[in-house]
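Note that ligands are numbered from 1 as they come in the structure, with each ligand's atoms numbered from 1 the same way. Predicted model only: the values in this text are computed from it and were never measured.
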Amino acid sequence: MAAESDLLVVGAGAKAAGIATKVHAFNSLGLGPVSLKIVEGTEVAASWKGRNGMTSGEEPLAVTPIKDVGFPYQSFREFGEAGEAIDEYAMKFSWQRYMVARRRYARWIDAGSPQVRHRDYGEYLTWVLSRATQGVSHVEGRVTRVSLEGGERWAVEVEEAGESSRHTAAALVLTGPGVHRAFPHEPDIASRVFHCDSRREEFAQLPEESACDVAIVGGGESALSCMMFLRGFRPRSHFTVYTPMLPMSRGESFLENRVFSNPDEVGWSALDQTTRRDFVKHSDRGVFDPPSLAAIAYDDRCRFVTGRITDVAVARGGAGVRLRHESHEGVAGPEHDYVVNCTGFDLLAQLRGLFAEPVRADLEARVRPGLRSRAGWDRSGRRRRALRCRSAATWNCARCIPGCRSPASRG
Ligand SMILES: Cc1cc2nc3c(=O)[nH]c(=O)nc-3n(C[C@H](O)[C@H](O)[C@H](O)COP(=O)(O)OP(=O)(O)OC[C@H]3O[C@@H](n4cnc5c(N)ncnc54)[C@H](O)[C@@H]3O)c2cc1C
């Protein structure tokens with residue numbers, strides 16, 4: 001008999017911590033009952049602790065941690081008066097409360113509230129999920145398949161400790177950045193190609209005693225995170241970042257931040273799609289967070305080259321990689337010892353991997369006919385822009401299927 005819940009979240013990361021905090025507050029205030037189940041396949045806050053790829057844990061968080069699991073504390077917009085009480089309750093899970101509980105708050109403030117490391121943020125998320133328990137249950141297992149039961153409830157297959165279990169829920173949340181985008185390259189150089197979600201210990205292949213030349217392809221947070229890591233890990237080496245456009249720092253002005261905290265303030269839903277996409281591009285896609293950009297801008301070992309890398313082959317001498325670099329100056333073939341694919345994450349990979357064919361067809365028919373042909377269900381190596389707008393306007397099929405949401409983020 002499948003275990004039931006109102007809401008099932010795939011992954012115990014940043015979003016699960018935010019949702020669990022609200023569900024805990026809801027139930028504790030007698031506004032429930034709401035039952036939430038969180039299924040995690042690796043470990044709580046796996047993407048932040050430095051043992052599971054993406055980060056070594058030492059890289060700096062790009063946003064301030066006070067944008068914590070309860071931020072922006074505006075539940076009154078959804079829940080009216082009850083929203084005040086919900087936010088009050090969520091404050092018990094704030095970054096400030098966590099640091100006070102760790103007896104580190106005063107020290108952090110006295111230090112000028114410096115950037116924190118990914119692993120520190122991971123510890124915070126773990127602390128939140130260990131305490132947000134009212135109506136919240138956890139399953140240690142990997143979600144392998146998602147299907148629809150009678151068109152109304154989600155049925156989720158989970159591989160846990162060698163056996164599989166089945167869970168149903170009225171609403172489903174997928175989390176996580178997905179997997180690295182396809183990166184066309186010749187098979188012979190696979191050992192010299194790394195990805196934005198590669199485990200940091202894989203980079204131990206890079207020689208330590210001698211300088212090597214590393215190409216990092218991509219212009220966003222994961223490229224920056226990777227660069228920040230490699231500068232410390234292989235300080236003798238040189239790094240060339242290939243980015244489609246000049247390295248831009250992420251917009252962090254009051255207005256940009258307000259649009260993320262309260263899109264209604266700029267009448268977001270009334271804006272045309274181009275304006276919305278431009279804003280997201282400017283403030284979240286292919287841009288670097290200012291403090292980290294400042295840290296590398298003055299480093300002689302790092303340089304930026306604009307243009308696109310469309311293929312990677314074996315270097316002429318055999319030892320190394322030769323990139324196919326397309327820019328306004330034409331096509332060039334620069335050579336490096338190693339290359340890191342930081343072209344971003346394939347956000348639809350999870351959908352392709354988890355949703356059975358009939359469900360995909362159903363989703364497609366309900367959400368947007370022709371989704372398959374436009375949105376990159378296939379992974380032919382050609383990169384396609386995901387359909388989603390990652391900030392205020394989410395791609396959500398809730399209008400079509402009750403309780404289905406795909407990820408949106410930024411702080
Ligand atoms: C290197 C890097 C740095 C970033 N820095 C920032 C930053 O500074 N600030 C910011 O706001 N955003 C940052 N982001 C974006 C960040 O990913 C999002 O902001 C947000 O935190 C993602 O939260 P999440 O809960 O969706 O995913 P995550 O926190 O990544 O959690 C996803 C969880 O899902 C689990 N999981 C995945 N598939 C399955 C499955 N099939 N079954 C069970 N469990 C599964 C994973 O193990 C993981 O624990 C960064 C992203 C990357 C890659």
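Within the 4.0 Å heavy-atom criterion, the part of Ser225 lying near ligand 1 is the side chain and not the backbone. Of the heavy atoms in Gln350, only side-chain atoms (C-beta onward) come closer than 4.0 Å to ligand 1. When heavy-atom distances to ligand 1 are checked against a 4.0 Å cut-off, Val39 comes that close only through its backbone atoms N, CA, C and O. Using a 4.0 Å cut-off between heavy atoms, His118 contacts ligand 1 through its side chain alone, with no backbone atom that close. With a 4.0 Å cut-off on non-hydrogen atoms, Leu61 touches ligand 1 through its backbone as well as its side chain.
A salt bridge does not link Arg200 with Glu202: none of the charged nitrogens is closer than 4.0 Å to a carboxylate oxygen. Glu157 and Arg166 are joined by a salt bridge, as a carboxylate oxygen and a charged side-chain nitrogen come within less than 4.0 angstrom of each other.
Counting the atoms of ligand 1 from 1 in the order shown, those under 4.0 Å from a heavy atom of Ala46 are 47 (O), 49 (O). The Val63 neighbourhood of ligand 1 comprises atoms 8 (O), 9 (N), 11 (O), with distances under 4.0 Å to a heavy atom of that residue. Distances below 4.0 Å separate heavy atoms of Ser47 from the following atoms of ligand 1: 28 (P), 30 (O), 31 (O), 48 (C). For ligand 1 and Gly13, the ligand atoms under 4.0 Å from any heavy atom of the residue are 25 (O), 29 (O), 31 (O).
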I would like to know whether Phe345 and Gln350 meet side-chain contact (heavy atoms from CB on, under 4.5 Å); could you show each step before the answer?
-> CA-CA 11 Å; Phe345 292 87; Gln350 221 177 12; over 6 Å; no
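Looking at Val143, Val158, Ile19 and measuring to atom 42 (N) of ligand 1, the nearest heavy atom belongs to Val143. Taking all heavy atoms of Glu43, Lys15, Glu221 into account, the minimum distance to atom 22 (C) of ligand 1 is reached by Lys15. When Phe229, Phe345, Trp48 are checked for heavy-atom proximity to atom 12 (N) of ligand 1, Trp48 turns out nearest.
A distance-only check finds a donor-acceptor pair linking the side chain of Ser237 to the backbone of Cys212 [under 3.5 Å].
Of the polar atoms of Gly176, at least one N or O is found under 3.5 Å from an N or O of ligand 1, judged by distance alone. Taking distance alone, with nitrogen or oxygen atoms compared against 3.5 Å, Gly41 approaches ligand 1 more closely than that limit. Annotation: Pro177 places no N or O atom under 3.5 Å from an N or O atom of ligand 1; distance criterion only.
A tilted orientation is assigned to the rings of Tyr124 and Tyr121, their planes being inclined by 30° to 60°. Ring geometry, Tyr338 versus Phe194: the interplanar angle falls from 30° to 60°, so the pair is classed tilted.
Heavy atoms of other residues, nucleotides or ligands lying less than 6.0 angstrom from CZ of Arg103 number 12 at most.
Minimum interatomic distance between Gly11 and Ala16 (heavy atoms only, all atoms of both residues): O-CB, 3.1 Å.
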